Amino acid sequence: MTEIANGNGDQTVVRRITCVGAGYVGGPTCAMIAYKSPQITVTVVDMNKERIDAWNSDSLPIFEPGLEDVVMKCRGTNLFFSTDVPEAIRSADLIFISVNTPTKMYGKGAGMAPDLKYVESVARSIAEHAQGPKIVVEKSTVPVKAAESILSILEDAQRRSNNNLTFQVLSNPEFLAEGTAMRDLASPDRVLIGGEDSEEGQRAVAALVNVYASWVPRDRILTTKTWSSELSKLVANAFLAQRISSINSVSAICEATGADVREVAKAVGCDERIGSNFLNASVGFGGSCFQKDVLSLVYLCESLHLDKVADYWNGVITINNWQRRRFADAIVSELFNTVAGKKIAIFGFAFKKSTGDTRESSAIHVSKHLMEEEARLAVYDPAVTEKQMRQELVMETSEKSVNKLVTVFSDPYEAAKDAHAIVILTEWEEFKTYDYARMYNAMSHPAAFFDGRLLFKRKDIEAIGFHFFGIGSAPSHLSEVGYIL
Ligand SMILES: NC(=O)C1=CN([C@@H]2O[C@H](COP(=O)(O)OP(=O)(O)OC[C@H]3O[C@@H](n4cnc5c(N)ncnc54)[C@H](O)[C@@H]3O)[C@@H](O)[C@H]2O)C=CC1
Ligand SMILES: O=C(O)[C@H]1O[C@H](OP(=O)(O)OP(=O)(O)OC[C@H]2O[C@@H](n3ccc(=O)[nH]c3=O)[C@H](O)[C@@H]2O)[C@H](O)[C@@H](O)[C@@H]1O
């Protein structure tokens, strides 16, 4: 039992937590809470039965290093997965809303604003099924003031109810990154909790603080106003995405001048005020959140008539799209301006290493550009299923083109056989260990190598015989001359 003293002698006790949304955030976060707080019963619910069945099976629905171990230790003891949303709402003291908030694809704000229909539907379920006091926690990433809408729905239920209904809505955004989720949850840089200034609001904040305080040092748990907490999440992702677009914009300058983006990033990142993290130039950031959260921030700025601020942040997306396109164009131009009918080996389809997640992966966009040029793609990824790859590409192109142009391989050497080029799109460690001389010998010649992840040194790949194109470094003749204007 977690008991909180609020200074007035009152206590808010959290014994039972429910999380609505058993996805990349809800599953790992609740597994960690259950693991660190055996006295709390945690139930994760979802409307997707297949996903819940997988959480209850030996084959979890998402791959995260360390997750399976924690789930197996707690499942059936104080961690439960269920599709019974009403019962989980009724029995909880505290409810996390951890559902998806994708970019809206229809109506006002299409292509920019986050779609809050899932968040609202959970708020309505809570309003319908709650029977006593509840702390409702926004774990999903939402725009500023989303908590106000949730509270309006809940307060309406409160007014109409004969039960002892009371609600407090908190903001507690999640900062975990996929692939390192369990490490991030076990040792977060910070936990952020926003709530109302009122006595009840602060009591609810204290209750959630105490849940995390089981394992997170108190000085890493920040408490703020609700709106600051909501905005901080969007801003944190925007700053991270901005760093990638900044270094990617510099990568283009490097390619044109003979500077090397790795050297520039190191020199710049040595300055403690700048720091060295998140300065890896790449074929562009992917993942389910960076683009949608930056767009959400841009939409918020536009709604507030802060057009210059909106333009500033929109630049992050513009550069990212341009970087993907630029890389695909470089492949076409280096392969003698035509890839039609040529086999091209694509290594990596996940949006980053150590995950099977392909949402908004740059690989989808580069593949799409190459398919428009009628290239035949031979795709290999160690963690992404063929079904998943095909689904993503069908959504961006058509079933007909995917059937005609895409073959998925389970062996990278087979994918590279007879190909005109190898294209690295995800930074999987295993890609560094292959015998590229063996691949080169089995390819069509001249054979090219395109490194979209800075995994390789130009001289090593050129020594094998490949023609090399790497993000952020120029061909040898430019590097040597060093000045081309
Ligand atoms: N994926 C990530 O690494 C991170 C995501 N976030 C944010 O967390 C939120 C969730 O993201 P993910 O876990 O990746 O999403 P997800 O798509 O993996 O999972 C969301 C789940 O919610 C379920 N759901 C939707 N509406 C429901 C309803 N009314 N009742 C029951 N279940 C419902 C869906 O079936 C789905 O399984 C998003 O707002 C995202 O921006 C924040 C930090 C990291
Ligand atoms: O809100 C979210 O969803 C999460 O988004 C990101 O996490 P994630 O998308 O899982 O992965 P990142 O490691 O941030 O990578 C995102 C993309 O940027 C790319 N990247 C990252 C770092 C870098 O230096 N260069 C670069 O191109 C990655 O390859 C990947 O495609 C943030 O890092 C998390 O803090 C945040 O909680």
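For this chain, numbers begin at 1 and follow the sequence in order. Treat the numbers as computed from the prediction; the structure is a model and nothing was measured. We use all heavy atoms of the structure for the numbers below, so side chains are in, but hydrogens, waters and symmetry mates are not. Atoms within a ligand are numbered from 1 in the order they appear, just like the ligands themselves.
- For His369, the side chain to side chain donor-acceptor pair (under 3.5 Å) partners two or more places apart in sequence, or in a different chain, are Arg325.
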Are Glu427 and Lys353 close enough, and set up right, to give a salt bridge (Lys or Arg N to Asp or Glu O under 4.0 Å), and what steps lead you there?
CA-CA 5 Å; Glu427 72 279 29; Lys353 69 176 178 181; 6.0 Å; no
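- Within 4.0 Å of ligand 2, the residues that place a heavy atom are Glu174, Phe175, Leu176, Ala177, Glu178, Lys233, Asn237, Leu240, Ile244, Phe278, Leu279, Asn280, Ser282, Phe285, Gly286, Cys289, Phe290, Phe351, Lys352, Glu427, Arg453, listed by chain and number.
- Within a 6.0 Å radius of CD in Glu68, other residues, nucleotides and ligands contribute 12 heavy atoms or fewer.
- For residues 118-133, the pairs satisfying salt bridge (Lys or Arg N to Asp or Glu O under 4.0 Å) are Glu120-Arg124, with sequence neighbours left out.
- Taking the six-membered ring for Trp and thresholds of 30 and 60 degrees, Tyr436 and Phe449 have ring planes more than 60 degrees apart, a perpendicular arrangement.
- Closer than 4.0 angstrom to ligand 1 by heavy atom are Val20, Gly21, Gly23, Tyr24, Val25, Asp46, Met47, Asn48, Arg51, Ser98, Val99, Asn100, Thr101, Tyr118, Ser121, Val122, Ser140, Thr141, Glu174, Leu176, Glu178, Lys233, Ser288, Cys289, Lys292, Arg359, sorted by chain and number.
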Given side chain to side chain contact (heavy atoms under 4.5 Å, CB included), test Asp46 with Thr83 step by step and report yes or no.
CA-CA 5 Å; Asp46 204 293; Thr83 50; 5.9 Å; no
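- Side chains of Glu230 and Ser171: a donor-acceptor N/O pair is absent below 3.5 angstrom, by distance only.
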Side chain to side chain contact (heavy atoms under 4.5 Å, CB included) for Met389 and Val402? Distances and angles first, verdict last.
CA-CA 10 Å; Met389 290 181 198; Val402 172; over 6 Å; no
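- Arg359 forms no cation-pi arrangement with Phe351, by the criterion of a distance under 6.0 Å to the ring centre and an angle within 45° of the ring axis.
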